[in-house]
Amino acid sequence: MTIVYIGLGSNLDDPDVQIEQAVIQLGQLTKTKFVAVSSLYSSKPMGPQDQPDYMNAVACIDTMLTPIELLDQLQAIELSFGRIRKDERWGARVLDLDILLFGDQVINNERLTIPHYGMKVREFVIYPLAELNSNLVLPDGTNVSNLKIQLDDNGLFVVRK
Ligand SMILES: CC1(C)Nc2nc(N)[nH]c(=O)c2N=C1O
């Protein structure tokens with residue numbers, strides 16, 4: 001089994017409901033045990049500002065799936081929520097499920113970049129991740145609590161514990 005952290009994001013069609021429903025779907029992944037989910041956070045859009053604020057959370061699972069098997073299942077969930085893969089890059093979306101960390105694995109191939117390429121500079125990832133595990137150390141030795149201290153909260157706030 002491998003501990004995996006997944007970033008959840010939504011800013012369309014009742015984002016809080018999208019996140020809650022997505023968490024239920026994560027609990028139904030094959031060969032996987034659901035471990036925990038962070039509080040629900042509201043965050044300003046990173047990238048184009050002409051879109052609604054986001055709802056973000058981070059979930060933790062313990063899985064026997066391979067990284068690609070997990071990616072396939074997460075992309076299927078996104079599609080089932082109406083996410084069109086050709087969504088405008090950095091545009092509004094109904095649901096984003098990003099694999100942030102897959103154990104201490106470092107993966108770089110055409111389908112997967114793990115750890116997630118932008119996670120260290122995203123308060124809407126680092127704050128919920130530190131909430132779940134303040135002692136977490138990334139594969140490159142970076143401590144998540146130190147990353148949180150260095151990151152401005154950019155107006156991030158907890159909507160629901
Ligand atoms: C468009 C981009 C980069 N901006 C985001 N901005 C925020 N605040 N939250 C997200 O989940 C998010 N996801 C994205 O994909």
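Residue numbers start at 1 and run along the sequence shown. Order of appearance sets the numbers: ligands from 1, and atoms from 1 within every ligand. Everything numeric here is computed off the predicted structure, so don't read it as measured data.
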Between [atom1] on residue [X] and [atom2] on residue [Y], distance to nearest 0.5 Å:
X	Y	atom1	atom2	answer
K148	D152	NZ	CG	12.5 Å
L95	I77	CG	CD1	8.0 Å
I61	I6	CD1	CD1	3.5 Å

TODO: Return yes or no for this condition: an N or O of W90 is under 3.5 Å from an N or O of ligand 1.
DONE: no

TODO: For ligand 1, find out whether one of its N or O atoms is nearer than 3.5 Å to an N or O atom of N56.
DONE: yes

TODO: Decide whether Y54 and Y41 are clustered together by the hydrophobic rule: side chain heavy atoms of Ile, Leu, Val, Met, Phe, Trp, Tyr closer than 4.5 Å, transitively.
DONE: no

TODO: Name the closest protein heavy atom to atom 4 (N) of ligand 1, giving the residue it belongs to and the distance to 0.1 Å.
DONE: M46 O, 2.9 Å

Give the atoms of ligand 1, by number and element, whose distance to some non-hydrogen atom of [X] is under 4.0 Å.
X	result
P45	6 (N), 8 (N)
K44	7 (C), 8 (N)
R93	15 (O)

- [ ] Decide whether the shortest distance between a heavy atom of G47 and an atom of ligand 1 is less than 4.0 Å.
- [x] no

Task: Under-4.0 Å heavy-atom contact with ligand 1, by part of D96 that carries it - done: side chain

Open item on the list: Quick one, H116 and V125 - any side-chain contact, counting heavy atoms below 4.5 Å?
Closed with: no

Open item on the list: For E123 and S43, which I'm curious about, is there any donor-acceptor pair between the side chains at under 3.5 Å?
Closed with: no

